[in-house]
Amino acid sequence: MTNYTLKMKKITLLALGFFLVLGNLMGTSQEKTESISNKKTFEGLKFRSVGPAFMSGRLSDIAIDPINENVWYAAVSSGGLWKTSNAGTTWK
């Protein structure tokens, strides 16, 4: 082998080693973060009235049938009562 070939092999091996080490360092440098969907994230949130829910006005109350959770009743501030039998997809 010539001197030039030996130098090129050394440089190639050195570069390969450098990139392998750099790749390992970059792969392990990420810290694990806590999931955002834990109990503490949402503990300060409370249900509140945020304004009109239907064209007829604000929602005063909502009740869900304890036997069939797909049946909901919604009382509207203007005096109307809405019912859904499919968990809110359609209302009558």
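By convention here, the first residue in the shown sequence is residue 1.
Distance OG1/Thr90 to NZ/Lys92: 6.5 Å, rounded to 0.5 Å. Between the OG1 atom in Thr84 and the CG atom in Asp65 there is a gap of 12.0 Å [rounded to 0.5 Å]. Taking CH2 of Trp91 as the start and CH2 of Trp72 as the end, the distance is 6.0 Å to the nearest 0.5 Å.
Each of Ile62, Val76, Leu59 was scored for a side chain to side chain contact (heavy atoms under 4.5 Å, CB included) with Trp82, with one residue passing: Val76.
Taking all atoms of both residues into account, the shortest heavy-atom contact from Lys83 to Val71 is CE-CG1, 3.8 Å.
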